[in-house]
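Note that these values count all heavy atoms, side chains included, but never hydrogens, waters or copies made by symmetry. These numbers were taken from a predicted model, which means no experiment stands behind them.
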Amino acid sequence: MIEEKSVLSATLEKLNPDLFLNPVFQNYYLKLFYDVDFSDGMRGFHTENSHTFCGNQKQAKIVYQSDGTFMMRYIDYAKKMSRSLEIAKGEQESVLFTTRYVYLVDGVFYHMTERQVLKDNQVYPIQYQYVGFDEKAIDEKEYHQDWVYQADFVDKMKQNGIAPIDEHRKDENRQKNK
């Protein structure tokens, strides 16, 4: 029996098979993209370093640069949610993982960011932040625009005078204490 692969799994394997087989990466991949399905209405756009897939009310993008930088993002506009993973080389042979989650819970539209570093086969948290805005502070049609799910969304909201109703930030620097 031939095992079917999801669109994202097949693309990742094609772009960088070593990364796809990395257990740390698989943990993030499963956490972020385990339920991605583009069986209905999928179309794709491909460049040398990126693959973008669009389904009905959904979008996924994979970007891989020759310097080893890697980004995956999945947006479901109907559910008002997004997940993304960025991987970059850090200082002294470390790898920086940044995950972002955007989701709606009980009328609050949250943007959450986690940063961790992989060094000497250990994962260390660096930063954790979440910011929540009143769902009604954003026009309903804006939830179907990409800008709502991007990393600079929180800054744009604050610049336009819209204050968050829930905000938390924690920076950790356990590396220096070792």
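Both the sub-6.0 Å distance and the 45° axial angle are satisfied by Lys80 relative to the ring of Tyr143.
To the nearest 0.5 Å, atom OG1 of residue Thr98 and atom CD of residue Gln116 are 9.5 Å apart. Rounded to the nearest 0.5 Å, atoms CD (Gln159) and CG (Asp152) are 8.5 Å apart. The distance from atom OG1 of Thr69 to atom CG of Leu96, rounded to the nearest 0.5 Å, is 10.0 Å. Considering CZ of Arg83 and CZ of Arg100, their distance stands at 14.0 Å, rounded to 0.5 Å. To the nearest 0.5 Å, the span separating NZ on Lys170 from OH on Tyr130 amounts to 11.5 Å. In this structure, the separation between OG on Ser82 and CD on Gln59 is 9.0 Å, given to the nearest 0.5 Å.
Contact of the Ile138 side chain with the Met157 side chain is registered, since non-hydrogen atoms from C-beta on lie closer than 4.5 Å. Using a 4.5 Å heavy-atom cutoff, the side chains of Gln57 and His144 are in contact. Counting only heavy atoms from C-beta outward, the side chains of Phe133 and Ile162 approach each other to under 4.5 Å. Counting heavy atoms from C-beta outward, Ile75 and Asp146 have side chains that approach closer than 4.5 Å. Residues Phe97 and Val95 form a side-chain contact, since some pair of their non-hydrogen atoms from C-beta on lies under 4.5 Å apart.
The two residues Lys156 and Trp147 make their nearest non-hydrogen contact at CD-CE3, 4.1 Å. Contact between Tyr74 and Met81 at its shortest, heavy atoms only, is CE2-SD, 4.0 Å. Of all heavy-atom pairs between Asp139 and Lys141, the closest is OD2-CG, 2.7 Å.
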Candidate pair Phe153 and Val131, rule side chain to side chain contact (heavy atoms under 4.5 Å, CB included), full reasoning: CA-CA 10 Å; Phe153 168 81; Val131 180; over 6 Å; no
Report task. Could you go through the side chain to side chain contact (heavy atoms under 4.5 Å, CB included) check for Gln127 and Arg169 one step at a time? Result -> CA-CA 8 Å; Gln127 182 186 67; Arg169 179 182 178 113; 2.3 Å; yes
query: Could you walk me through whether Glu86 and Phe70 pass the side chain to side chain contact (heavy atoms under 4.5 Å, CB included) check?
result: CA-CA 6 Å; Glu86 295 176 29; Phe70 185 87; over 6 Å; no
- Just do the side chain to side chain contact (heavy atoms under 4.5 Å, CB included) check on Lys58 and Tyr77 with the steps written out, would you? CA-CA 6 Å; Lys58 299 175 185 176; Tyr77 298 103; 6.0 Å; no
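Thr99 pairs by the side-chain hydrogen bond (donor to acceptor under 3.5 Å, both in side chains) definition with Glu114, not counting sequence neighbours.
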If you look only at distance, which donor and acceptor atoms sit under 3.5 Å apart when one is on a side chain in residues 101-112 and the other is two or more places apart or in another chain?
unit_1	atom_1	unit_2	atom_2	d
Tyr110	OH	Asp166	OD2	2.9
His111	NE2	Val148	O	2.8

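Proximity of a side-chain donor or acceptor of Asp76 to a complementary backbone N or O of Lys79 within less than 3.5 Å is detected.
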